[in-house]
Amino acid sequence: MNITAPEMTISDRRAAILSRIDASTKGRANEAAVTLVAVSKVQPDARLKAMLSAGQTVFGENRVQEAVAHWGESFAAERARLTLHLIGPLQTNKAQEAVDFFDVIETLDREKLAKFIAKAAQASGKCPQLFVQVNTGEEPQKAGVMPADVDAFIKSARDVYDLPVTGLMCIPPADQAPSPHFIMLSQMAARNGLKDLSMGMSADFETACALGATHVRVGSALFGARA
Ligand SMILES: *Cc1c(COP(=O)(O)O)cnc(C)c1O
């Protein structure tokens, strides 16, 4: 079945992706369930509405401002029953807003941000769940902690800033096979006692599921191409 066929409804696409997730997690070592994070960046409200109607409650956004426009304004009435993930880079001057608005921030990637999130969490009296973004491909243009620095960074986020780090996230280089990156991320999580692994997007979520993902971030294959 071609899941990007235009005649398929959003609800059909979601069902097809959920069943592919199911099929690709059968028999893997990690028996944890996989959460489908529907990446709603740049999608029109009509598609977000269709996704909500299909039963989706977990969404990922790249930018704080756009997330607030979608889930704090257009669909504010739904916010309380949703789980929202920030999956794009976070500037320190938006840390307070992100801490107040999101349930999960997947892009903790530097000490200065850890410091600002800790300060914001203290002011709010609550902190989102945090994943550390790892630059597994060591690409200069990409965010994320370098692999060699990951263990020390996680330790400092936990011990120095007392942050609730529960997982890791990566975006493999576009021009490489993703599997080695997913395996590397999974090994880093295991040796640091982290249970959550956010890896896999539209093109490679099944590979990620087979290699232990607990969260897949799927945008275009679910909603249709972004404008
Ligand atoms: C846009 C985005 C996705 C979703 O990408 P698709 O290829 O449309 O599934 C996943 N993760 C991150 C970090 C993104 O920015």
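Read the numbers this way: they start at 1 and go in the same order the structure lists the ligands and their atoms.
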Within the protein, flag every N or O under 3.5 Å from an N or O of ligand 1, and note the pair and distance.
unit_1   : atom_1 : unit_2 : atom_2 : d
ligand 1 : 8 (O)  : Ser220 : N      : 2.8
ligand 1 : 8 (O)  : Ser220 : OG     : 2.8
ligand 1 : 8 (O)  : Arg226 : NH1    : 2.8
ligand 1 : 8 (O)  : Arg226 : NH2    : 3.2
ligand 1 : 9 (O)  : Ser202 : N      : 3.0
ligand 1 : 9 (O)  : Ser202 : OG     : 2.5
ligand 1 : 9 (O)  : Gly219 : N      : 2.8
ligand 1 : 11 (N) : Arg217 : NE     : 2.9
ligand 1 : 15 (O) : Lys41  : NZ     : 2.7
ligand 1 : 15 (O) : Asn62  : OD1    : 3.2
ligand 1 : 15 (O) : Asn62  : ND2    : 3.3

So, Arg217 and Ser198: side-chain donor and acceptor under 3.5 Å apart, yes or no? yes
Ile171-Leu222 co-clustered via ILVMFWY side chain contacts under 4.5 Å: no
Mind checking what makes salt bridge (charged side-chain N to carboxylate O under 4.0 Å, His left out) contact with Lys142, not counting sequence neighbours? Glu139
Hydrophobic clustering (ILVMFWY, side-chain heavy atoms < 4.5 Å, transitive) - are Met199 and Phe59 grouped together? yes
Contact summary for Thr107 and Gly88, nearest pair of heavy atoms: OG1-O, 2.9 Å
Charged N to carboxylate O under 4.0 angstrom, Arg79 versus Asp103? yes
